[in-house]
Amino acid sequence: MASPAPISAPDRGTTGLRARLTVPALAYCGILMAVMQTVVVPLLPDLPRLTGASPAAVSWMVTAALLSGAVLTPVLGRAGDMYGKRRVLLLSFALMTAGSVICASTSQIGVLIAARTLQGAAVSVVPLSISILRDELPAERRGSAVALMSSTVGIGAALGLPAAAVVIQYADWHTMFWVTAVLGATGVALVRWAVPESPVREPGRFDVTGALGLAAGLICLLLAVSQGGQWGWGSAPIVGLLLAAVLVLALWWWQQLRAERPLVDLRLVSRPRVGLAHVAALLTGFAFYANSLVTAQLVQAPKATGYGLGLSIVQTGLCLLPGGVTMLLFSPLSARISAARGPRITLALGAAVIAVGYVVRIADSRSLWMIIVGAAVVATGTTLAYSALPALVLRAVPAGQTASANGVNVLMRTIGQAVSSAAVAAVLVHHTVPVAGLPVPTLHGYLVAFAVAAAVALAACAVALTIPGDPAPGTASGAASETALEAAPEAAPESPVRAEGGPRTVKGEAMEGA
(Lines give C-alpha, C1' and ligand atoms only; values in the text may rest on other atoms or scores of the structure.)
Protein backbone atom coordinates (compact mmCIF):
# COMPACT_ATOMS: atom_id res chain seq x y z
CA MET A 1 0.00 0.00 0.00
CA ALA A 2 1.45 3.35 -0.99
CA SER A 3 2.35 5.81 1.71
CA PRO A 4 0.40 9.06 1.90
CA ALA A 5 1.97 12.11 0.32
CA PRO A 6 4.37 14.05 2.53
CA ILE A 7 2.82 16.86 4.52
CA SER A 8 3.79 20.21 3.06
CA ALA A 9 6.04 22.53 5.04
CA PRO A 10 3.42 25.25 5.54
CA ASP A 11 0.97 22.67 7.01
CA ARG A 12 3.54 21.40 9.47
CA GLY A 13 5.03 24.72 10.52
CA THR A 14 3.91 27.30 12.98
CA THR A 15 2.15 30.47 11.95
CA GLY A 16 2.44 34.16 12.72
CA LEU A 17 5.24 35.52 14.87
CA ARG A 18 6.54 32.10 15.89
CA ALA A 19 6.97 31.05 12.27
CA ARG A 20 8.92 34.23 11.49
CA LEU A 21 11.21 33.65 14.48
CA THR A 22 12.08 30.02 13.71
CA VAL A 23 15.10 30.85 11.53
CA PRO A 24 16.42 33.68 13.80
CA ALA A 25 16.05 31.44 16.87
CA LEU A 26 18.03 28.62 15.29
CA ALA A 27 20.66 31.05 13.95
CA TYR A 28 20.99 32.53 17.46
CA CYS A 29 21.69 29.03 18.80
CA GLY A 30 24.29 28.36 16.10
CA ILE A 31 26.12 31.63 16.79
CA LEU A 32 26.09 31.02 20.55
CA MET A 33 27.46 27.51 20.02
CA ALA A 34 30.40 28.95 18.09
CA VAL A 35 30.91 31.64 20.73
CA MET A 36 31.04 28.91 23.37
CA GLN A 37 33.84 27.19 21.49
CA THR A 38 36.02 30.31 21.39
CA VAL A 39 35.40 32.01 24.75
CA VAL A 40 38.14 30.09 26.54
CA VAL A 41 40.85 31.09 24.06
CA PRO A 42 41.64 34.47 25.68
CA LEU A 43 41.71 32.73 29.06
CA LEU A 44 44.28 30.05 28.23
CA PRO A 45 47.44 32.07 29.06
CA ASP A 46 46.07 33.04 32.51
CA LEU A 47 44.24 29.85 33.50
CA PRO A 48 47.32 28.13 35.01
CA ARG A 49 47.60 31.03 37.47
CA LEU A 50 43.86 31.28 38.05
CA THR A 51 43.29 27.56 38.63
CA GLY A 52 46.66 26.41 39.97
CA ALA A 53 46.88 23.83 37.18
CA SER A 54 49.64 23.14 34.67
CA PRO A 55 49.48 24.53 31.11
CA ALA A 56 49.09 20.97 29.82
CA ALA A 57 46.05 20.41 32.05
CA VAL A 58 44.56 23.76 31.07
CA SER A 59 44.81 22.89 27.36
CA TRP A 60 42.26 20.14 27.99
CA MET A 61 39.57 22.79 28.31
CA VAL A 62 39.83 23.09 24.53
CA THR A 63 40.58 19.43 23.81
CA ALA A 64 37.66 18.13 25.90
CA ALA A 65 35.10 20.24 24.02
CA LEU A 66 36.66 19.19 20.69
CA LEU A 67 36.48 15.48 21.53
CA SER A 68 32.96 15.51 22.95
CA GLY A 69 31.67 17.60 20.05
CA ALA A 70 33.19 15.25 17.48
CA VAL A 71 31.84 12.15 19.21
CA LEU A 72 28.36 13.46 20.05
CA THR A 73 27.54 15.24 16.77
CA PRO A 74 26.82 12.11 14.67
CA VAL A 75 25.30 10.35 17.68
CA LEU A 76 22.89 13.18 18.51
CA GLY A 77 22.16 13.66 14.81
CA ARG A 78 21.04 10.04 14.55
CA ALA A 79 19.03 10.40 17.76
CA GLY A 80 17.34 13.47 16.28
CA ASP A 81 16.29 11.53 13.18
CA MET A 82 14.81 8.82 15.39
CA TYR A 83 13.31 10.63 18.40
CA GLY A 84 12.74 14.21 17.24
CA LYS A 85 15.19 16.86 16.12
CA ARG A 86 13.79 19.66 18.30
CA ARG A 87 13.87 17.42 21.37
CA VAL A 88 17.54 16.50 20.85
CA LEU A 89 18.38 20.12 19.97
CA LEU A 90 16.96 21.24 23.32
CA LEU A 91 18.95 18.52 25.08
CA SER A 92 22.26 19.54 23.49
CA PHE A 93 21.69 23.23 24.19
CA ALA A 94 20.65 22.49 27.77
CA LEU A 95 23.91 20.54 28.25
CA MET A 96 25.87 23.53 26.95
CA THR A 97 24.04 25.85 29.36
CA ALA A 98 24.64 23.48 32.28
CA GLY A 99 28.33 23.40 31.37
CA SER A 100 28.45 27.20 31.47
CA VAL A 101 26.86 27.27 34.92
CA ILE A 102 29.39 24.75 36.23
CA CYS A 103 32.33 26.68 34.72
CA ALA A 104 31.01 29.88 36.30
CA SER A 105 30.79 28.21 39.71
CA THR A 106 34.26 26.67 40.10
CA SER A 107 38.00 27.14 39.66
CA GLN A 108 38.88 23.43 39.91
CA ILE A 109 40.49 22.37 36.66
CA GLY A 110 39.03 18.85 36.72
CA VAL A 111 35.48 20.17 37.09
CA LEU A 112 36.12 22.81 34.43
CA ILE A 113 37.27 20.14 31.97
CA ALA A 114 34.18 18.02 32.71
CA ALA A 115 31.96 21.06 32.18
CA ARG A 116 33.64 21.84 28.86
CA THR A 117 32.93 18.24 27.84
CA LEU A 118 29.23 18.93 28.41
CA GLN A 119 29.50 22.10 26.33
CA GLY A 120 30.89 20.14 23.39
CA ALA A 121 27.42 18.61 22.88
CA ALA A 122 26.27 21.94 21.46
CA VAL A 123 28.21 21.31 18.22
CA SER A 124 25.24 19.18 17.11
CA VAL A 125 23.07 22.33 17.09
CA VAL A 126 23.97 23.16 13.48
CA PRO A 127 23.16 19.81 11.80
CA LEU A 128 19.99 19.41 13.85
CA SER A 129 18.86 22.95 12.98
CA ILE A 130 19.56 22.45 9.28
CA SER A 131 17.44 19.29 9.35
CA ILE A 132 14.58 21.16 11.06
CA LEU A 133 14.77 23.87 8.40
CA ARG A 134 14.54 21.24 5.68
CA ASP A 135 11.44 19.73 7.24
CA GLU A 136 9.64 22.95 8.19
CA LEU A 137 10.38 25.59 5.56
CA PRO A 138 8.97 25.87 2.05
CA ALA A 139 11.47 25.35 -0.75
CA GLU A 140 11.75 29.05 -1.63
CA ARG A 141 13.00 29.92 1.89
CA ARG A 142 15.03 26.82 2.57
CA GLY A 143 18.23 27.66 0.70
CA SER A 144 18.86 31.05 2.30
CA ALA A 145 18.00 29.73 5.77
CA VAL A 146 20.38 26.77 5.45
CA ALA A 147 23.12 29.09 4.17
CA LEU A 148 22.67 31.41 7.16
CA MET A 149 22.68 28.47 9.57
CA SER A 150 25.93 27.14 8.11
CA SER A 151 27.56 30.57 8.38
CA THR A 152 26.78 30.89 12.09
CA VAL A 153 29.90 28.84 12.86
CA GLY A 154 32.21 31.52 11.48
CA ILE A 155 30.06 34.42 12.65
CA GLY A 156 30.04 33.16 16.25
CA ALA A 157 33.76 32.45 16.23
CA ALA A 158 34.50 35.99 15.02
CA LEU A 159 32.20 37.53 17.64
CA GLY A 160 33.26 35.28 20.51
CA LEU A 161 36.95 36.16 20.73
CA PRO A 162 36.68 39.96 21.11
CA ALA A 163 33.57 39.71 23.31
CA ALA A 164 35.24 37.24 25.67
CA ALA A 165 38.42 39.31 25.74
CA VAL A 166 36.48 42.43 26.76
CA VAL A 167 34.64 40.59 29.54
CA ILE A 168 37.86 39.07 30.86
CA GLN A 169 39.68 42.40 30.75
CA TYR A 170 37.05 44.33 32.72
CA ALA A 171 35.43 41.65 34.94
CA ASP A 172 36.16 38.43 36.81
CA TRP A 173 36.71 35.56 34.39
CA HIS A 174 33.76 33.60 35.85
CA THR A 175 31.49 36.38 34.57
CA MET A 176 32.11 35.23 31.02
CA PHE A 177 30.56 31.85 31.77
CA TRP A 178 27.62 33.42 33.63
CA VAL A 179 26.96 35.47 30.49
CA THR A 180 27.00 32.38 28.24
CA ALA A 181 24.76 30.56 30.74
CA VAL A 182 22.14 33.33 30.55
CA LEU A 183 22.42 33.42 26.76
CA GLY A 184 22.11 29.63 26.67
CA ALA A 185 18.98 29.65 28.82
CA THR A 186 17.53 32.29 26.49
CA GLY A 187 18.28 30.02 23.54
CA VAL A 188 16.47 27.09 25.18
CA ALA A 189 13.43 29.29 25.77
CA LEU A 190 13.49 30.57 22.18
CA VAL A 191 13.66 27.07 20.72
CA ARG A 192 10.80 25.85 22.92
CA TRP A 193 8.63 28.78 21.86
CA ALA A 194 9.52 29.42 18.20
CA VAL A 195 10.78 26.11 16.77
CA PRO A 196 8.25 23.36 15.94
CA GLU A 197 9.08 19.71 16.30
CA SER A 198 9.85 18.12 12.95
CA PRO A 199 7.37 15.33 12.17
CA VAL A 200 9.83 13.40 9.98
CA ARG A 201 11.18 10.40 11.89
CA GLU A 202 13.06 7.22 11.07
CA PRO A 203 11.97 4.45 13.45
CA GLY A 204 14.07 1.60 14.80
CA ARG A 205 16.41 0.72 17.65
CA PHE A 206 19.28 3.05 18.38
CA ASP A 207 22.63 1.50 17.42
CA VAL A 208 24.37 1.58 20.81
CA THR A 209 27.22 -0.64 19.62
CA GLY A 210 27.87 1.62 16.66
CA ALA A 211 27.78 4.73 18.86
CA LEU A 212 30.30 3.28 21.33
CA GLY A 213 32.57 2.07 18.54
CA LEU A 214 32.55 5.42 16.77
CA ALA A 215 33.19 7.22 20.06
CA ALA A 216 36.18 5.01 20.89
CA GLY A 217 37.70 5.36 17.42
CA LEU A 218 37.25 9.12 17.24
CA ILE A 219 38.63 9.69 20.73
CA CYS A 220 41.79 7.74 19.83
CA LEU A 221 42.17 9.56 16.50
CA LEU A 222 41.50 13.11 17.67
CA LEU A 223 43.45 12.69 20.88
CA ALA A 224 46.48 11.62 18.87
CA VAL A 225 46.08 14.48 16.39
CA SER A 226 45.50 17.16 19.04
CA GLN A 227 48.24 16.02 21.43
CA GLY A 228 50.86 14.84 18.92
CA GLY A 229 52.80 18.10 19.11
CA GLN A 230 53.05 17.98 22.91
CA TRP A 231 53.64 14.27 23.41
CA GLY A 232 55.80 13.73 20.31
CA TRP A 233 54.56 12.21 17.07
CA GLY A 234 56.87 9.24 17.44
CA SER A 235 56.08 8.63 21.10
CA ALA A 236 54.52 5.34 22.22
CA PRO A 237 51.22 6.93 23.36
CA ILE A 238 50.64 8.71 20.04
CA VAL A 239 51.59 5.70 17.91
CA GLY A 240 49.44 3.47 20.09
CA LEU A 241 46.46 5.82 19.80
CA LEU A 242 46.77 6.00 16.02
CA LEU A 243 46.98 2.21 15.71
CA ALA A 244 44.02 1.81 18.05
CA ALA A 245 42.03 4.34 16.00
CA VAL A 246 42.68 2.41 12.78
CA LEU A 247 41.72 -0.92 14.39
CA VAL A 248 38.60 0.33 16.18
CA LEU A 249 37.29 2.31 13.21
CA ALA A 250 37.88 -0.66 10.89
CA LEU A 251 35.84 -2.89 13.23
CA TRP A 252 33.22 -0.17 13.50
CA TRP A 253 32.97 0.04 9.69
CA TRP A 254 32.51 -3.75 9.53
CA GLN A 255 29.79 -3.60 12.21
CA GLN A 256 27.95 -0.73 10.52
CA LEU A 257 27.72 -2.59 7.22
CA ARG A 258 26.00 -5.48 9.02
CA ALA A 259 23.76 -3.56 11.38
CA GLU A 260 20.05 -3.52 10.53
CA ARG A 261 19.70 0.16 11.57
CA PRO A 262 23.27 1.52 11.61
CA LEU A 263 24.31 4.73 13.32
CA VAL A 264 25.80 5.87 9.98
CA ASP A 265 24.46 4.46 6.73
CA LEU A 266 27.78 3.66 5.05
CA ARG A 267 26.05 2.52 1.86
CA LEU A 268 24.63 6.01 1.59
CA VAL A 269 28.02 7.54 2.43
CA SER A 270 29.65 5.49 -0.33
CA ARG A 271 27.57 7.26 -2.96
CA PRO A 272 29.75 9.89 -4.67
CA ARG A 273 27.31 12.75 -4.03
CA VAL A 274 27.49 12.10 -0.27
CA GLY A 275 31.02 10.74 0.22
CA LEU A 276 32.73 13.44 -1.85
CA ALA A 277 30.78 16.12 0.03
CA HIS A 278 32.22 14.72 3.28
CA VAL A 279 35.75 14.75 1.84
CA ALA A 280 35.26 18.36 0.75
CA ALA A 281 34.03 19.21 4.26
CA LEU A 282 37.23 17.82 5.79
CA LEU A 283 39.46 19.77 3.40
CA THR A 284 37.44 22.98 3.80
CA GLY A 285 37.56 22.67 7.59
CA PHE A 286 41.35 22.42 7.39
CA ALA A 287 41.66 25.45 5.13
CA PHE A 288 39.25 27.61 7.13
CA TYR A 289 40.73 26.91 10.56
CA ALA A 290 44.27 27.85 9.57
CA ASN A 291 43.08 31.42 8.97
CA SER A 292 41.96 31.98 12.57
CA LEU A 293 44.92 30.15 14.09
CA VAL A 294 47.64 31.90 12.14
CA THR A 295 46.09 35.37 12.13
CA ALA A 296 45.70 35.44 15.91
CA GLN A 297 49.31 34.41 16.49
CA LEU A 298 50.78 36.66 13.79
CA VAL A 299 49.24 39.95 14.92
CA GLN A 300 50.10 39.24 18.57
CA ALA A 301 53.75 38.49 17.79
CA PRO A 302 56.10 41.04 19.42
CA LYS A 303 57.33 43.92 17.28
CA ALA A 304 60.90 42.77 17.94
CA THR A 305 60.33 39.99 15.39
CA GLY A 306 60.30 42.58 12.60
CA TYR A 307 56.83 41.58 11.39
CA GLY A 308 54.70 41.27 14.53
CA LEU A 309 52.26 43.99 15.52
CA GLY A 310 52.19 43.27 19.26
CA LEU A 311 48.39 43.52 19.48
CA SER A 312 46.38 42.63 22.57
CA ILE A 313 43.75 39.87 22.69
CA VAL A 314 40.96 42.43 22.32
CA GLN A 315 42.64 44.05 19.32
CA THR A 316 43.25 40.62 17.80
CA GLY A 317 39.58 39.79 18.11
CA LEU A 318 38.66 43.04 16.41
CA CYS A 319 40.94 42.07 13.50
CA LEU A 320 38.88 38.90 13.02
CA LEU A 321 35.54 40.66 13.45
CA PRO A 322 35.28 41.91 9.81
CA GLY A 323 35.48 38.27 8.71
CA GLY A 324 32.43 37.44 10.82
CA VAL A 325 30.50 40.38 9.40
CA THR A 326 31.51 39.26 5.91
CA MET A 327 30.13 35.78 6.56
CA LEU A 328 26.81 37.24 7.68
CA LEU A 329 26.54 39.46 4.60
CA PHE A 330 27.56 36.83 2.04
CA SER A 331 25.38 33.93 3.23
CA PRO A 332 22.37 35.11 1.12
CA LEU A 333 24.66 35.36 -1.93
CA SER A 334 25.71 31.77 -1.39
CA ALA A 335 22.08 30.64 -1.46
CA ARG A 336 21.46 32.56 -4.70
CA ILE A 337 24.52 31.05 -6.39
CA SER A 338 23.45 27.56 -5.29
CA ALA A 339 19.94 28.13 -6.62
CA ALA A 340 21.27 29.32 -9.99
CA ARG A 341 24.30 27.08 -10.51
CA GLY A 342 24.00 24.29 -7.94
CA PRO A 343 25.70 23.88 -4.54
CA ARG A 344 28.72 22.03 -5.90
CA ILE A 345 29.64 25.09 -7.99
CA THR A 346 29.17 27.27 -4.91
CA LEU A 347 31.43 24.92 -2.94
CA ALA A 348 34.13 24.97 -5.63
CA LEU A 349 33.93 28.77 -5.88
CA GLY A 350 34.17 29.12 -2.11
CA ALA A 351 37.24 26.90 -1.91
CA ALA A 352 38.88 28.88 -4.72
CA VAL A 353 38.15 32.18 -2.91
CA ILE A 354 39.75 30.74 0.26
CA ALA A 355 42.89 30.00 -1.76
CA VAL A 356 42.85 33.58 -3.14
CA GLY A 357 42.64 34.89 0.42
CA TYR A 358 45.76 32.99 1.37
CA VAL A 359 47.54 34.36 -1.70
CA VAL A 360 46.75 37.84 -0.36
CA ARG A 361 48.18 36.79 3.01
CA ILE A 362 51.36 35.51 1.38
CA ALA A 363 51.73 38.74 -0.64
CA ASP A 364 51.60 40.98 2.44
CA SER A 365 51.40 39.88 6.08
CA ARG A 366 53.06 42.94 7.59
CA SER A 367 50.37 45.57 7.03
CA LEU A 368 47.41 45.40 9.44
CA TRP A 369 44.95 46.39 6.75
CA MET A 370 46.19 43.75 4.31
CA ILE A 371 46.00 41.14 7.09
CA ILE A 372 42.37 42.12 7.74
CA VAL A 373 41.57 42.08 4.00
CA GLY A 374 43.18 38.67 3.50
CA ALA A 375 41.37 37.20 6.52
CA ALA A 376 38.06 38.65 5.29
CA VAL A 377 38.57 37.10 1.82
CA VAL A 378 39.18 33.70 3.44
CA ALA A 379 36.03 34.22 5.52
CA THR A 380 34.06 35.03 2.37
CA GLY A 381 35.18 31.80 0.72
CA THR A 382 34.36 29.90 3.89
CA THR A 383 30.83 31.31 3.83
CA LEU A 384 30.27 30.11 0.28
CA ALA A 385 31.74 26.67 1.00
CA TYR A 386 30.12 26.06 4.38
CA SER A 387 26.73 27.19 3.07
CA ALA A 388 26.94 24.82 0.10
CA LEU A 389 27.97 21.70 2.05
CA PRO A 390 24.65 21.06 3.84
CA ALA A 391 22.74 21.82 0.63
CA LEU A 392 24.76 19.11 -1.11
CA VAL A 393 24.05 16.63 1.68
CA LEU A 394 20.34 17.47 1.84
CA ARG A 395 19.95 16.92 -1.90
CA ALA A 396 21.55 13.50 -1.69
CA VAL A 397 19.99 11.86 1.39
CA PRO A 398 16.43 10.86 2.32
CA ALA A 399 14.48 13.07 4.73
CA GLY A 400 14.71 10.51 7.54
CA GLN A 401 18.51 10.74 7.64
CA THR A 402 19.17 14.47 7.29
CA ALA A 403 20.33 15.11 10.86
CA SER A 404 22.67 12.11 10.99
CA ALA A 405 24.10 12.82 7.51
CA ASN A 406 24.71 16.47 8.36
CA GLY A 407 26.17 15.36 11.68
CA VAL A 408 28.75 13.29 9.81
CA ASN A 409 29.48 16.28 7.57
CA VAL A 410 30.09 18.51 10.59
CA LEU A 411 32.24 15.74 12.09
CA MET A 412 34.42 15.79 8.96
CA ARG A 413 34.84 19.56 9.32
CA THR A 414 35.86 19.04 12.95
CA ILE A 415 38.45 16.44 12.00
CA GLY A 416 39.76 18.82 9.33
CA GLN A 417 40.10 21.58 11.93
CA ALA A 418 41.94 19.27 14.33
CA VAL A 419 44.36 18.20 11.60
CA SER A 420 44.81 21.86 10.60
CA SER A 421 45.72 22.80 14.16
CA ALA A 422 48.30 20.03 14.33
CA ALA A 423 49.75 20.86 10.89
CA VAL A 424 50.02 24.61 11.60
CA ALA A 425 51.69 23.89 14.95
CA ALA A 426 54.17 21.53 13.29
CA VAL A 427 55.04 24.10 10.60
CA LEU A 428 55.53 26.95 13.07
CA VAL A 429 57.61 24.84 15.48
CA HIS A 430 60.08 24.11 12.68
CA HIS A 431 60.43 27.79 11.75
CA THR A 432 61.38 29.75 14.88
CA VAL A 433 63.91 32.35 15.99
CA PRO A 434 64.82 33.40 19.55
CA VAL A 435 63.24 36.70 20.68
CA ALA A 436 63.96 37.85 24.26
CA GLY A 437 65.17 34.34 24.98
CA LEU A 438 61.99 32.64 23.74
CA PRO A 439 61.40 30.79 20.44
CA VAL A 440 59.00 32.73 18.20
CA PRO A 441 57.74 31.62 14.75
CA THR A 442 59.35 33.37 11.80
CA LEU A 443 57.39 35.18 9.11
CA HIS A 444 58.50 32.47 6.68
CA GLY A 445 56.85 29.88 8.92
CA TYR A 446 53.55 31.74 8.75
CA LEU A 447 53.82 32.03 4.98
CA VAL A 448 54.44 28.28 4.69
CA ALA A 449 51.31 27.68 6.78
CA PHE A 450 49.34 29.94 4.43
CA ALA A 451 50.70 28.06 1.41
CA VAL A 452 49.68 24.69 2.92
CA ALA A 453 46.17 25.98 3.66
CA ALA A 454 45.88 27.39 0.11
CA ALA A 455 46.91 24.03 -1.38
CA VAL A 456 44.30 22.22 0.73
CA ALA A 457 41.66 24.75 -0.37
CA LEU A 458 42.50 24.06 -4.02
CA ALA A 459 42.19 20.33 -3.31
CA ALA A 460 38.73 21.00 -1.86
CA CYS A 461 37.87 22.90 -5.05
CA ALA A 462 38.95 19.96 -7.18
CA VAL A 463 36.91 17.51 -5.07
CA ALA A 464 33.85 19.77 -5.33
CA LEU A 465 34.04 19.77 -9.13
CA THR A 466 34.03 15.95 -9.17
CA ILE A 467 30.78 15.70 -7.19
CA PRO A 468 28.04 14.52 -9.57
CA GLY A 469 25.50 17.21 -10.40
CA ASP A 470 21.76 16.88 -9.89
CA PRO A 471 19.94 14.96 -12.64
CA ALA A 472 17.72 17.25 -14.66
CA PRO A 473 14.06 16.95 -13.60
CA GLY A 474 11.98 14.89 -15.98
CA THR A 475 14.95 13.14 -17.61
CA ALA A 476 15.43 9.39 -17.58
CA SER A 477 18.44 9.65 -15.28
CA GLY A 478 16.58 11.97 -12.93
CA ALA A 479 13.60 9.64 -12.77
CA ALA A 480 15.87 6.64 -12.24
CA SER A 481 17.69 8.42 -9.46
CA GLU A 482 14.48 9.36 -7.66
CA THR A 483 13.08 5.84 -8.09
CA ALA A 484 16.25 4.28 -6.69
CA LEU A 485 16.24 6.58 -3.69
CA GLU A 486 12.63 5.81 -2.90
CA ALA A 487 12.96 2.09 -3.49
CA ALA A 488 16.16 1.45 -1.50
CA PRO A 489 15.08 0.10 1.90
CA GLU A 490 18.17 1.40 3.64
CA ALA A 491 17.89 4.83 2.03
CA ALA A 492 14.19 5.57 2.21
CA PRO A 493 12.54 3.94 5.22
CA GLU A 494 9.01 4.81 6.18
CA SER A 495 9.00 7.27 9.05
CA PRO A 496 6.17 7.92 11.47
CA VAL A 497 4.88 11.47 11.49
CA ARG A 498 2.98 13.20 14.26
CA ALA A 499 0.64 15.78 12.77
CA GLU A 500 -2.85 17.13 13.19
CA GLY A 501 -5.43 14.55 12.32
CA GLY A 502 -3.61 11.49 13.66
CA PRO A 503 -0.49 9.46 12.89
CA ARG A 504 0.73 9.31 9.35
CA THR A 505 3.85 8.15 7.60
CA VAL A 506 6.07 9.89 5.14
CA LYS A 507 8.61 8.31 2.89
CA GLY A 508 12.15 9.67 3.10
CA GLU A 509 12.76 11.83 0.11
CA ALA A 510 15.68 13.79 -1.26
CA MET A 511 15.29 17.54 -0.90
CA GLU A 512 14.28 19.43 -4.00
CA GLY A 513 15.81 22.85 -4.53
CA ALA A 514 17.82 22.97 -1.31
Heavy-atom check, side chain of F288 versus side chain of V378, under 4.5 Å: no

Flag if over 12 foreign heavy atoms under 6.0 Å of OH, Y28: yes

Shortest non-hydrogen separation from A457 to A351 and the atoms involved: O-CB, 3.3 Å

Pair Q255-T209, side-chain hydrogen bond (donor to acceptor under 3.5 Å, both in side chains): steps then yes or no: CA-CA 8 Å; Q255 180 267 339; T209 302; 5.0 Å; no

Y386 side chain to M149 backbone, donor-acceptor under 3.5 Å: no

Distance in Å, I155 CD1 paired with L328 CG, rounded so as to fall on 0.5 Å steps: 4.5 Å

R258 atom CZ, neighbour heavy-atom count above 12 within 6.0 Å: yes

Inter-residue atom distance R273.CZ - T466.OG1, 0.5 Å rounding: 13.0 Å

Main-chain N/O of S367 paired to D364 side chain as donor or acceptor, under 3.5 Å: yes

G184 versus L32, closest heavy-atom pair with distance: N-CD2, 3.5 Å

Side-chain heavy atoms of T414 within contact of L66, under 4.5 Å: yes

4.5 Å side-chain heavy-atom contact, K85 and D81: yes

Test item: T63 side-chain N/O and W60 main-chain N/O as donor-acceptor pair under 3.5 Å: no

Any donor-acceptor pair under 3.5 Å from T383 side chain to A379 backbone: yes

Under 3.5 Å donor-acceptor, N406 side chain and P127 backbone: no

Q227 side chain to A224 backbone, donor-acceptor under 3.5 Å: no

Residue pair V123, Q37: steps toward the side-chain contact (heavy atoms from CB on, under 4.5 Å) verdict: CA-CA 9 Å; V123 178; Q37 288 185 307; 3.6 Å; yes

side-chain contact (heavy atoms from CB on, under 4.5 Å) evaluation trace for F177 with T106: CA-CA 10 Å; F177 290 109; T106 184; over 6 Å; no

Gap between atom OG1 of T38 and atom CE of M33 - 0.5 Å precision: 10.0 Å

S387 side-chain N/O to L384 backbone N/O, donor-acceptor pair under 3.5 Å: no

Side chain Q417, main chain G285, donor-acceptor under 3.5 Å: no

Qualifying residues under side-chain hydrogen bond (donor to acceptor under 3.5 Å, both in side chains), relative to S150, sequence neighbours excluded: none

Heavy-atom side-chain proximity of S105 to W178 below 4.5 angstrom: yes

Donor-acceptor contact below 3.5 Å, side chain T73 vs main chain G69: yes

Residue pair T175, D172: steps toward the side-chain contact (heavy atoms from CB on, under 4.5 Å) verdict: CA-CA 6 Å; T175 304; D172 179 77; 4.0 Å; yes

Separation between CZ of R267 and CG of L257, rounded to the nearest 0.5 Å: 5.5 Å

Residue pair L465 / R344: nearest heavy atoms and the distance that separates them: O-NH1, 3.0 Å

ring-ring contact (aromatic ring centres under 6.0 Å, His included) partners of H444, counting only residues at least two apart: H431

From OG (S421) to CG (L222), nearest 0.5 Å: 11.0 Å

Minimal non-hydrogen separation, L311 against C319, with atom names: CD1-SG, 3.7 Å

Worked verdict on D207 versus V264 for side-chain contact (heavy atoms from CB on, under 4.5 Å): CA-CA 9 Å; D207 184 10; V264 178; over 6 Å; no

NZ or CZ of R78 within 45° of F206 ring axis and under 6.0 Å: no

Close side-chain approach of S107 and L50, heavy atoms under 4.5 Å: no

Test item: Y307 and V299 side chains (from C-beta on) under 4.5 Å apart, heavy atoms: no

Residue W233 excluded, over 12 heavy atoms near CH2 under 6.0 Å: yes

Expected output: side-chain S420 to main-chain G416 donor-acceptor under 3.5 Å: no

Donor-acceptor side-chain pairing of Q108 and T51 below 3.5 angstrom: no

Non-hydrogen side-chain atoms of V360 and F450 separated by less than 4.5 Å: no

Y446 side chain reached by V427 side chain, heavy atoms, under 4.5 Å: no

Closest heavy-atom pair and its distance - A405, V397: CB-CG1, 3.9 Å

Within 6.0 angstrom of H430 NE2, more than 12 heavy atoms from elsewhere: no

Which atom of A296 lies closest to which atom of T316, heavy atoms considered: CA-CG2, 3.7 Å

Stepwise side-chain hydrogen bond (donor to acceptor under 3.5 Å, both in side chains) test for R116 and S68: CA-CA 9 Å; R116 287 287 293 169; S68 66; over 6 Å; no

Straight-line distance of L128 CG to L26 CG, nearest 0.5 Å: 10.0 Å

